[in-house]
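Accompanying notes for the structure given below.
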Amino acid sequence: MSAIRHALSIKRQDDFAQWYQEVVAAADMAEESGVRGCMVIKPWGYGIWERMQRLLDARIKAAGVQNAYFPLFIPLGNFVREAAHVEGFAKEMAVVTHHRLISDGKGGLIPDPEAKLEEPLIVRPTSETIIGDAMSRWVQSWRDLPLLLNQWANVVRWEMRTRMFLRTSEFLWQEGHTAHATRDDARAETMRALEMYRAFAEDDLSLPVIAGEKPENERFPGAAETWSIEAMMQDGKALQAGTSHYLGTSFAEAAGIRYQDREGGQQLAHTTSWGVSTRMVGALIMTHGDDDGLRVPPAVAPQQIVILPMLREDDGDAALLAYCEALRASLAGQTALGEPIRVLLDSRPGKAAARRWDWVRRGAPLIVEVGPRDMTEGKVAVLRRDRLWTEAGKPDFAFMPRESFVAEAAITLASIQQGLHAEAHARREANVERGIASFEALADFFAADKRYPGWAEVPWARPTGAALDAVVERLKALKLTFRNVPLGAGPAEGACLFTGEPAVERILVARAY
RNA sequence: CGGGGAGUAGCGCAGCCCGGUAGCGCAUCUGCUUUGGGAGCAGAGGGUCGCAGGUUCGAAUCCUGUCUCCCCGACCA
């Protein structure tokens with residue numbers, strides 16, 4: 001029995017879905033908007049997304065990809081060109097049909113029947129078609145290739161069931177779109193983007209992921225190959241945290257992206273697309289969150305250190321504030337994880353001991369409380385969010401000289417960044433089962449009632465078409481899905497769990513978000 | 001989109017069955033006390049009861065519709 005008085009009312013192990021929702025609210029990240037499937041992202045949540053944007057954008061630009069912006073609306077006629085793509089998205093589309101409102105005579109407004117659009121516009125669910133259209137004009141010669149574009153944008157998919165950050169009708173993302181002269185070049189770009197996402201997730205978000213290729217049934221509509229990074233959440237489910245697609249020439253054919261080669265012949269370009277979305281914020285919560293709220297990895301924390309002066313609303317406050325301001329300035333002059341330290345002096349009135357818990361729930365990596373006696377002694381009281389409690393169930397403050405804290409702040413932040421990754425990585429590795437040799441054993445593995453159903457990595461023969469569909473159905477009956485064929489998986493041995501044929505590779509099976 | 005549950009103050013809830021002045025806890029504000037770690041006492045402010053119709057002398061409460069959220073399913077780059 002624990003005497004700890006946690007900052008949340010719901011524990012992960014009691015109700016993971018409810019816990020997730022409480023973290024989103026308690027960490028002040030987002031709230032309901034009143035519009036189905038759409039959320040208001042609040043400053044702390046959006047600040048985390050902005051940090052993700054900044055770090056990923058730098059990686060994208062470092063690869064020579066340029067940012068551009070394409071329209072929100074796509075003419076319906078443009079969208080219908082790539083058959084598989086259309087089939088994949090048609091049933092979840094928002095459509096604009098009118099351009100004016102008129103009074104309904106009862107004090108309300110209705111779309112003006114006189115203002116119906118000749119051709120409806122769809123709200124982009126992704127931008128392959130509209131960017132492909134631009135590429136068809138921008139690509140003429142082999143000298144125009146490769147064409148490497150990215151856009152940061154919102155997209156809309158009319159989801160049947162939504163969850164904050166994980167699946168919303170409108171979400172924010174980046175979508176990279178590239179065109180290449182050859183299959184090899186395009187595939188190399190696909191893999192570069194995949195590796196970029198892996199490094200971004202692991203290094204910047206402390207999120208251990210497994211990069212690999214999606215099986216045929218999980219491919220992006222119209223893609224030749226789909227690759228993903230998969231992360232394990234604290235309930236053992238898998239979350240696809242980023243995807244990279246080699247699109248072959250089918251989108252180039254649909255959009256007319258052709259170039260003249262060195263011999264003067266007309267060739268179809270090979271295209272790719274790749275994306276990461278605000279879903280990543282959900283992955284962060286479900287990977288690093290604990291029973292006291294979120295824990296934000298320092299690299300993406302909007303504020304890495306929060307200073308809380310213990311104000312008493314008396315004459316001593318001025319001196320205490322000056323002491324804290326000096327502390328803030330000396331920290332802000334330091335560099336951690338390659339950037340100036342982001343430090344907030346939270347001097348709003350109120351008891352520091354009470355406001356501390358707001359920052360615990362938000363997951364600020366370091367919380368520093370400073371009282372009059374600390375000031376006199378030249379000390380600070382430091383609370384690390386990644387190790388909150390003492391054995392006795394009290395907040396684990398480290399009282400240390402101010403100068404020591406300042407001198408070690410960068411190292412401490414790097415240590416938290418690394419520690420969160422190590423913790424999540426150890427948890428995942430402890431819950432990936434690689435020794436399952438039969439379908440029955442697979443079913444047993446997932447039938448066991450345990451906190452982490454985890455993942456299974458099993459040999460398979462890579463069936464396709466109807467044979468694959470049959471396997472997918474068998475898995476669906478167990479609420480299981482294929483995740484990906486990990487790049488780093490060992491050589492396949494033995495028989496395919498699903499067909500009995502000699503295995504050709506190893507694939508991850510898991511419950512998934 | 002199918003089945004189930006829910007919407008009352010910023011948050012969590014009671015009241016509804018059986019119609020009759022809108023309640024509790026936390027939070028907020030004020031005062032006093034307290035002051036090394038999530039303070040105590042007293043007082044105060046804050047709600048067209050999701051929205052729209054209907055029944056009724058009278059609706060948070062009964063009826064109809066609708067919107068949103070949660071859970072299960074189907075769907076899901």
Side-chain angles (χ1 to χ4, degrees), chain A residues 4-10 15-18 20-22 24-26 28 31-39 84-85 87-93 106-108 124-128 155-164 166-169 171 173 175 214 217-223 226-229 239-245 247 273-277 279 292 308-314 316 349-361 367-377 379-383 388-390 393-397 399 476-477 479 481 512-513:
Chain A
I4 294 177
R5 183 180 164 195
H6 284 291
L8 298 182
S9 65
I10 302 168
D15 189 335
F16 196 75
Q18 287 297 121
Y20 176 82
Q21 291 184 138
E22 187 179 8
V24 170
D28 221 14
E31 64 182 25
E32 296 300 335
S33 67
V35 179
R36 183 190 175 88
C38 297
M39 60 178 174
H85 189 60
E87 191 187 339
F89 285 107
K91 55 189 173 295
E92 53 182 43
M93 211 68 83
K106 292 178 284 191
R124 63 181 166 216
T126 178
S127 302
E128 270 76 7
V155 290
V156 169
R157 299 176 188 181
W158 213 261
E159 299 289 349
M160 290 295 106
R161 189 173 175 185
T162 60
R163 304 186 69 184
M164 292 256 196
L166 295 178
R167 172 165 287 111
T168 47
S169 294
F171 57 92
W173 75 347
E175 46 180 326
K214 287 288 199 184
N217 66 303
E218 295 273 349
R219 272 182 209 147
F220 176 68
T226 287
W227 299 73
S228 72
I229 53 171
L239 182 81
Q240 177 178 299
T243 51
S244 183
H245 316 288
L247 301 175
S273 68
W274 27 275
V276 156
S277 74
R279 176 178 240 209
D292 297 292
L308 290 171
M310 300 172 70
L311 301 172
R312 289 181 178 170
E313 300 185 7
D314 62 22
K351 299 212 70 166
R355 280 180 299 128
R356 168 202 314 153
W357 298 102
D358 292 338
W359 291 109
V360 166
R361 283 183 280 262
I367 298 167
V368 186
E369 295 183 26
V370 187
R373 193 184 304 166
D374 298 317
M375 176 173 66
T376 307
E377 297 172 358
K379 288 188 170 183
V380 292
V382 180
L383 193 58
L388 256 192
W389 305 100
T390 63
K394 296 263 167 63
D396 191 7
F397 282 103
F399 294 88
K476 189 187 281 185
K479 298 183 182 183
T481 60
Y513 279 97

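Residue numbering restarts at 1 for every chain, and letters A, B, ... go by the order of the sequence lines.
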Base partner of B/C26, which must satisfy Watson-Crick or wobble distances under 3.5 Å: B/G10

Per-nucleotide protein contact string for nucleotides 67-77 of chain B, where B marks a base within reach and S marks sugar-phosphate only (heavy atoms under 4.0 Å, - for neither): -SSSSBBBSBB

Pairing nucleotide - B/C18, Watson-Crick or G-U, each distance under 3.5 Å: none

Nucleotide paired to B/C75 in any strand shown, Watson-Crick or G-U, under 3.5 Å: none

Integer-rounded Å distance: B/U34 C1' and A/Glu313 CD: 13 Å

Pairing nucleotide - B/C51, Watson-Crick or G-U, each distance under 3.5 Å: B/G65

Pair A/Glu159-A/Ser169, side chain to side chain donor-acceptor pair (under 3.5 Å): steps then yes or no: CA-CA 6 Å; A/Glu159 299 289 349; A/Ser169 294; over 6 Å; no

C1' gap between B/A6 and B/G12, integer Å: 14 Å

B/A74 and B/G3, which share atom name C1', separated by this distance in whole Å: 11 Å

Note, A/Val382 side chain near A/Phe399 side chain (heavy atom, < 4.5 Å): no

A/Asp292-A/Trp357 side chain donor-acceptor pair, cut-off 3.5 Å: no

C1' spacing across the pair B/C16 / B/G20, given as an integer number of angstrom: 14 Å

Between B/C49 and B/G4 - C1' atom distance, rounded Å: 24 Å

Rounded distance (Å) that lies between atom P of B/C11 and atom CD1 of A/Ile10: 15 Å

Test item: side-chain donor near acceptor, A/Glu22 and A/Ser9, under 3.5 Å: yes

Pair A/Ser127-A/Glu175, side chain to side chain donor-acceptor pair (under 3.5 Å): steps then yes or no: CA-CA 8 Å; A/Ser127 302; A/Glu175 46 180 326; 2.7 Å; yes

Under 4.0 Å protein heavy-atom contacts per nucleotide of nucleotides 41-49 of chain B, with B for base, S for backbone only and - for none: ---------

Distance, P atom - from B/U64 to B/C26, rounded to whole angstrom: 39 Å

Counter-base of B/C32, judged by Watson-Crick or G-U geometry with both distances under 3.5 Å: B/G40

Whole-Å gap separating C1' (B/C26) and CG (A/Asp358): 13 Å

Over 12 non-hydrogen atoms of neighbours within 6.0 angstrom of CD in A/Glu87: no

B/A27 versus B/U56 - spacing of their C1' atoms, nearest Å: 39 Å

Heavy-atom closest contact (A/Leu308 atom, A/Arg356 atom, distance): CD1-CA, 3.6 Å

Whole-Å P distance, B/A42 and B/G25: 11 Å

Whether A/His245 and A/Phe220 hold their rings parallel, tilted or perpendicular, with breakpoints at 30° and 60°: parallel

P atoms of B/C62 and B/G7, separation to the nearest Å: 12 Å

Sugar-phosphate, base or nothing in reach of A/Trp389, heavy atoms under 4.0 Å: base

Face-on cation placement of A/Arg124 at A/Trp173 ring, 6.0 Å and 45° thresholds: no

Charged tip of A/Arg163 within 45° of A/Tyr20 ring normal and under 6.0 Å: yes

Complement of B/G45, any strand, by Watson-Crick or G-U distances under 3.5 angstrom: none

